[in-house]
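Okay, handing you the structure first.
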Amino acid sequence: MIFVTIGNIRMFVRIIRIVMTHQIHAVMTHPAFCGVPEWLLGELITELTGHWEARCESERHDRRQALRRREAGAGPKYELVFTDRQLATLVHLPTKLTYEALGVIYQVGKSTIGRAVAEVRPLLAARGLAVPQRPGLRLRTLEDVFAHAEAEGVTLRIDEMETQVRRPRAHRPGRRAFESGKRKKNTVKTTTISDGQGRTLWSGAVRPGRMHDQTCERTEGMAEQFRLHPGVKA
């Protein structure tokens, strides 16, 4: 006879969660989802972990306006560790999987996924994008992209990519700015530049979905870059 106790149930639930966590990691780390080969994913996580921890510690220091009073690791724990935050971001960017869907996969709220993407995306942008067939060269700013295009004779493809987001809170200033006139939904626009073969060279700042594409590009300063680099075609 098998006796079912609260302890047995808790142990069973814990085992199920461990198995599901391993399955989630196996799926999310596949290049078909995150777009990064396994060997590069490990390097990327190792490289960005230190930057993320330093930024978090800086924010904590600003909030408390004093030195740390407790040992490292004390206090509430993150619902998502940095590895899962980075994987969720890497999956979201190429697949456009919604925050809600990623929240279901990781068993957290969609707001947690949104914060994770907002934290990791600037770290990826600061790292820059690799240039095809030019090892060691990375494009980090709009100026880098235009200088590279002029030197190598690359024709740029410029487009605005819209991503659906949650509706901002009621009575929030500028709430209507996220209502896309084309998609009739709440979106944000990201200026993206690629080469003639469609390989991404730069992904710019995120703008509210209601802003016109040309306004986004002018806000990014592209008109000035075309003036400084007259030989660039786009």
Side-chain angles (χ1 to χ4, degrees), residues 31-37 40-41 43-52 55 85-99 114-165 177-178 180 182-183 187-234:
F33 282 88
C34 66
V36 179
L40 180 57
L41 180 61
E43 292 183 5
L44 193 61
I45 292 175
T46 302
E47 179 182 343
L48 297 184
T49 297
H51 296 289
W52 180 74
R55 188 188 62 81
R85 289 168 179 262
Q86 185 167 339
L87 280 174
T89 304
L90 290 174
V91 171
H92 167 72
L93 292 177
T95 64
K96 296 298 172 287
L97 200 63
T98 62
Y99 295 164
R115 285 193 298 271
V117 174
E119 291 174 358
V120 176
R121 188 166 187 165
L123 299 178
L124 294 173
R127 187 176 185 269
L129 292 172
V131 178
Q133 301 176 351
R134 292 291 298 274
L137 179 61
R138 308 194 70 84
L139 305 179
R140 293 179 170 83
T141 64
L142 191 61
E143 292 79 3
D144 294 343
V145 174
F146 274 80
H148 167 70
E150 187 174 44
E152 301 293 335
V154 177
T155 299
L156 301 178
R157 293 181 177 181
I158 306 173
D159 196 10
E160 303 296 328
M161 180 175 60
E162 284 195 76
T163 305
Q164 186 174 347
V165 296
F178 292 89
S180 172
K182 179 173 63 177
R183 299 186 61 181
T187 65
V188 292
K189 286 185 177 180
T190 305
T191 305
T192 304
I193 300 179
S194 60
D195 61 10
Q197 299 183 34
R199 296 173 296 197
T200 303
L201 299 177
W202 185 76
S203 185
V206 177
R207 305 290 178 182
R210 198 177 186 87
M211 184 179 292
H212 194 277
D213 291 2
Q214 293 185 5
T215 305
C216 291
E217 294 170 7
R218 287 198 300 268
T219 304
E220 298 294 341
M222 288 194 184
E224 179 66 14
Q225 291 302 317
F226 278 113
R227 187 185 67 81
L228 295 175
H229 304 278
V232 175
K233 297 180 180 180

How would you list all residue pairs meeting salt bridge (charged side-chain N to carboxylate O under 4.0 Å, His left out) that involve residues 222-234, not counting sequence neighbours?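 Only E224-R227 qualify under salt bridge (charged side-chain N to carboxylate O under 4.0 Å, His left out).
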Rounded distance (nearest 0.5 Å) linking atom CG of L48 with atom CD of Q86: 5.0 Å
Please report the interatomic distance CG(L41) to CG(L87), rounded to the nearest 0.5 Å.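 It comes to 5.5 Å.
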Quick one: ring pair (Phe, Tyr, Trp, His ring centres under 6.0 Å) partners of F33, sequence neighbours excluded?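 F33 satisfies ring pair (Phe, Tyr, Trp, His ring centres under 6.0 Å) with no other residue.
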If I take atom NE2 from residue H92 and atom CZ from residue R121, how far apart are they, to the nearest 0.5 angstrom?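 That separation rounds to 6.5 Å.
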Are H148 and L137 packed together at the side-chain level, in the sense that at least one heavy-atom pair is separated by less than 4.5 angstrom?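 In contact.
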Who passes side-chain hydrogen bond (donor to acceptor under 3.5 Å, both in side chains) against R127, sequence neighbours left out?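 Testing R127 for side-chain hydrogen bond (donor to acceptor under 3.5 Å, both in side chains), a comparison that skips the adjacent residues, returns E47.
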Is the shortest heavy-atom distance from the side chain of C34 to the side chain of V91 under 4.5 Å? yes
Close side-chain approach of L44 to L124, heavy-atom, < 4.5 Å: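 Sidechains of L124 and L44: in contact.
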For a side chain to side chain contact (heavy atoms under 4.5 Å, CB included) check, start with the C-alpha distance between T219 and T191, then their side-chain angles and the critical distance, and finish with the verdict. CA-CA 10 Å; T219 304; T191 305; over 6 Å; no
Would a 4.5 Å heavy-atom cut-off, applied to side chains only, mark T155 and D195 as touching? no
Quick note, salt bridge (charged side-chain N to carboxylate O under 4.0 Å, His left out) partners involving residues 142-160, not counting sequence neighbours, are R134-E152
To the closest 0.5 Å, what do you measure between CG (L40) and CD (E43)?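 Reported to 0.5 Å precision, the distance equals 6.0 Å.
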So how far is it from L156 CG to M222 CE, rounded to the nearest 0.5 Å? 8.5 Å
Pairs touching residues 215-234 that satisfy ring pair (Phe, Tyr, Trp, His ring centres under 6.0 Å), sequence neighbours left out: F146-F226
Just how far is it from atom CD1 of I158 to atom CD1 of I193, taken to the nearest 0.5 Å?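 Interatomic distance, I158 CD1 to I193 CD1, rounded to 0.5 Å: 5.0 Å.
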Write out all pairs satisfying ring pair (Phe, Tyr, Trp, His ring centres under 6.0 Å) with one or both partners inside residues 190-214, taking only residues at least two apart or from two chains.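 Found none.
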Write down the atom of P31, the atom of P37, and the distance for their closest heavy-atom approach.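 The answer is CG-CA, 4.2 Å.
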Close side-chain approach of H51 and V120, heavy atoms under 4.5 Å: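 Answer no - side chains too far apart.
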Minimum heavy-atom separation for T89 and A116, please, with both atom names.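 Taking T89 first and A116 second, the nearest heavy atoms are OG1-O, 3.7 Å.
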